[in-house]
Q: 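Have a look at the structure that comes next, please.
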Amino acid sequence: MIQNLPWLFLLLPLVVAAIDWLCFSKCPRTAAGLSTLSAIATFALCVAYLNGWQTGTPDIYTWLPTATEGMTSLSMGLVTDALAMRMMLVVTGIGALVHIFSLGYMKGDSSNLSRYFAGLSIFMFSMSTIVLADNLAMTFIGWEMVGFSSYLLIGHWFHKDSAADAAKKAFITNRVGDFGFLIGILLTLAVFGTITFAEMGGKAAGIAPALLTATVICLFCGAVGKSAQFPLHVWLPDAMEGPTPVSALIHAATMVAAGVYMLVRLQVSMGTEAFTETACITIASVGAITAVLAALMAMQQDDIKRVLAYSTLSQLGYMVMAVGLLAGEAAMFHLYTHAWFKALLFLGAGAIIVCCHHEQDIWKMGGLAKLMPLTVLCFLMGTFALIAIPGFSGFFSKEAILHAALETCPVFFWIGAGVAALTTFYMTRLCLVAFCGQARDHGAAEAKEAGPTMLLPLLALGVMAIISGYGFIADFLVPYTGFEAHGFELGLPFYVSMGSLALGIIAALLVYGCGKRTTDPLAGNCLSTALRKRLYIDTIYDKGLIGGIQEYGAQIIEFADAALIRGVIVQGFAWLTAKFGMLLSWIQNGSLRGYALVAGIGIVIFVFILAFTIPTL
C-alpha cells in the first residue's frame, strides 16, 4: 500500500470530482470544501514524499496487452523521479492555494459552484497524469484531459458568449497541436521501438538525423498548442474570460507549463543527442518569436488580465527558447519561479477586480495603492519578480536563461534582453496606471482590502516570489545533478539585464508619469492600433483561414454537390434513363405497321451483315 501512494495523486482528485458532481451538485459549500481539502491533501502527500516517506516503486498496470510477440503492450505506470516530484510540488502547491483563493473569489457567485470545484479537481487529476506518466500514451491521456478540463473551466460562465467562444477556441486550437503530438508519439514508437520514457535512453545514436528531427518537431507541436507558442498562441489571451483563479491555475502556473515540462522530460529520457541541430533551432526560434510578439502586444493592452496573459506567453517563449538551446535546467528553473510569481500576479489581479466591482480596465482604476495597500504590495512583489529586479526570484532564473543563450547563440541572448526591457515597460505601465494617481471610476474609488481567504494565498505566493530563486530553494527544486542557481554574478548578462531594467522603467515613467494621465498617450497611431488588435493575427485566422475555409470551402462543396453529385451522377443518370425510355417508347407504340417496319429494317441489316461476313465458298 505504501508503495502505491503516488497513485493517490491521480485517484484522490478524480474521486472528489465525481463525488462533487454526482452527490453535491446542490451543496456548493460541501463540494468546495471537499475539493479544497483534496488539493491540500495532495500537496501534503507530495511534501511527505519528498521528505522520504515513500519507499519503493509504484506498480505498473497493463492497459492494452498484446498477444503477438515483439509487439509493445501499453501500460499505465508512474514515474516518481526528481523531475516529476518537484513538478508535482508546483502543481499541488499552487493548486491548493488557488482552491483556497476561490473560496473567497467565488463567494456569492450565481453560477454552479459545485461544477466549478469539480472542474478544478478534474484539472488537478489531468495535470498530475501528465507529470507522473511513465510513457507517452499515458501522457497523451492527461494531455487531452487537461484540454477537456480547461474547456470546462474557461467556459464556466457559459451564459456569456465571450466565455463560451473562448472555451471553444482554446479546445479547438489545442487539437491542432495535439494532432502533431499524436503523430510524434507514433513516430517515437516506430523509431525508438518504445514510448516508455525509461526505455528510450541510448537509442538515438543509430537513428537517421532527419527521422529524429521529424519525431522531435512533431512532439514539439503538442507543446506549441499547450504552451501557446506562435502560431497557436491565440487561445491563451481569450481564455482570460474564465474566472481569475482559473487563469492563475491553468494559464499561468501549470497547464501552459506542461509543454515545457514534456520537452524537458523528452530531453532527459531520449538524451540531448536526439534533439538535432535543426530541431533545436526550430524550437528556440519559435520560443523567441513568441516572446517578442507577446511582449509587444502586452504594451498596449488595457485589460489587467490580458496584460498578464501576454506576459505569460512571453515568459513561456523564454522557457521554450531555453529548451531549444539544450538548457533544460534553466528552462525548469524559470518554470518553477514563474509559476509562483505569475500565480501571485493573477490572483492579485483577481482580488483587485473583485474589490473594484469586477472592473478589469486599468484606465478605470487608479489610486489603489492607498485603498488596497496589502493586495497592491503582493502584486508589486510578483511584478518585481517578473521584471527581474535583483533579489527577486525572476532575476535568478532569467539570468540562467541569458547565460545559456550567450554561451550557445548570442542572437537569442540579445532577443532575451530586448524582451526583458519590453516586460519592464508594460508591467511598470500597468502599475503606474492602476495603482498611482487618483481613482478614475467609482469602482476604484470604492475599493477596499481583499478578504483573508484571498490575502493568505497572496502572502504565501509573495514569499515564494522572493525566495524561490535563491540557492537553498532553487537547488532543491531544479532536479539536475550539480545544478546551482545563478547568484549576483558580474558579467555581460548582469550588465545587460540591469540596462534592460533601467530602460524599461525610465521609458514607462517618461510616457505615463506617476499615473495622473487618464488616457494612453501612445494610443491612436497605426502601431498602437496594430498592437491592440494583436498584430491582426487573430483577424487573419478568423477572416482568412477560418472564414476562408468555411466560405470558399462551402462553395466548393456546394458546387461538387450540385454540379457533380446531383447534376452529373444522380440527375445525369436519371436523365439518360428517361431519354432512353423515350427512345424505346417511339418503337413500342402499339402500331402494327411500325413493328413491321422495324422488323423489315432488322432483316435487311441482318442480311447485309451476313453478306459481308460469311466467306464465299
Q: Look at the aromatic rings of F392 and F384 and report parallel, tilted or perpendicular, splitting at 30° and 60°.
A: perpendicular
Q: Answer yes or no: is there a side-chain heavy-atom contact under 4.5 Å between I304 and I353?
A: yes
Q: Taking atom types as modelled, find out whether K342 and S311 have a side-chain donor-acceptor pair closer than 3.5 angstrom.
A: yes
Q: Any sub-3.5 Å donor-acceptor pair from S269's side-chain atoms to A198's backbone N or O?
A: no
Q: Mark yes or no: R175 above the aromatic ring of F171, with NZ or CZ under 6.0 Å from the six-membered ring centre and no more than 45 degrees from the axis.
A: yes
Q: Can you list every pair that meets salt bridge (Lys or Arg N to Asp or Glu O under 4.0 Å) and has a residue in residues 370-379, with sequence neighbours left out?
A: none
Q: Any heavy-atom pair between the side chains of F220 and V286 that's under 4.5 Å?
A: yes
Q: Which heavy atom of G119 sits nearest a heavy atom of S149, and at what distance?
A: O-CB, 4.3 Å
Q: Say whether, by atom type as modelled, one donor and one acceptor occur between the side chain of T42 and the main chain of A39 under 3.5 angstrom.
A: yes
Q: Would you say the side chain of T129 lies within less than 4.5 Å of the side chain of W143, judging by non-hydrogen atoms?
A: no
Q: For D134 versus M76, what's the shortest heavy-atom pair and its separation?
A: OD1-C, 4.5 Å
Q: Less than 3.5 Å apart, any donor N or O on the side chain of S102 or Y116 sitting next to an acceptor on the other?
A: yes
Q: Under a 3.5 Å distance rule, please check whether Y105 uses its side chain to pair with a backbone N or O of G350 as donor and acceptor.
A: no
Q: Compare every heavy atom of D441 with every heavy atom of K364, then report the nearest pair and how far apart it is.
A: O-CB, 3.2 Å
Q: Is it true that R265 and Y261 share a donor-acceptor pair across their side chains at a distance under 3.5 Å?
A: yes
Q: Write down the atom of V307, the atom of Y426, and the distance for their closest heavy-atom approach.
A: CG1-CD1, 3.9 Å
Q: Do M85 and Y49 make a side-chain contact, defined as non-hydrogen atoms from C-beta onward lying under 4.5 Å apart?
A: yes
Q: May I ask you to decide if G259's main-chain N or O and K226's side chain share a donor-acceptor pair within less than 3.5 Å?
A: no
Q: Give a yes or no on whether the backbone of G225 and the side-chain of W235 come within a donor-acceptor separation of less than 3.5 Å.
A: yes
Q: Answer with yes or no whether the side chains of S397 and T337 bring together a donor and an acceptor at under 3.5 Å.
A: yes
Q: Which atom names give the shortest non-hydrogen contact between A447 and L368, and what distance separates them?
A: CB-CD2, 3.9 Å
Q: Salt bridge (Lys or Arg N to Asp or Glu O under 4.0 Å): which pairs involve residues 16-41, sequence neighbours left out?
A: none
Q: Would you please name every residue forming a side-chain hydrogen bond (donor to acceptor under 3.5 Å, both in side chains) with H357, sequence neighbours left out?
A: E446
Q: Taking H99 for the side chain and G95 for the main chain, is one N or O donor matched with an acceptor at less than 3.5 Å?
A: yes
Q: Flag the pair I362 / R429 as yes when at least one side-chain heavy-atom distance between them is below 4.5 Å, and no otherwise.
A: yes
Q: Does any part of the side chain of I466, heavy atoms only, come nearer than 4.5 Å to the side chain of F341, both counted from C-beta?
A: no
Q: Nearest 0.5 angstrom please: H442 NE2 to E359 CD, how far?
A: 8.0 Å
Q: What pair of heavy atoms forms the shortest contact from V146 to F123, and how long is it?
A: CG1-CE1, 4.2 Å
Q: Do S35 and S121 get their side chains close enough for a donor-acceptor pair, meaning under 3.5 Å?
A: yes
Q: Could you check whether any side-chain heavy atom of F346 comes within less than 4.5 Å of a side-chain heavy atom of L249, counting everything from C-beta outward?
A: no
Q: Aromatic contact between F435 and F379, with the criterion being ring centroids under 6.0 Å apart: yes or no?
A: yes
Q: Has S314 got a side-chain atom pairing as donor or acceptor with A294's backbone, closer than 3.5 angstrom?
A: no
Q: Would you say the side-chain atoms of D178 pair up with the backbone N or O of F181, donor to acceptor, closer than 3.5 Å?
A: no
Q: Please answer whether the main-chain N or O of G142 pairs with a side-chain N or O of S126 as donor and acceptor at a distance below 3.5 Å.
A: no
Q: Is it true that a side-chain atom of Q267 and a backbone atom of V323 form a donor plus acceptor pair closer than 3.5 Å?
A: yes
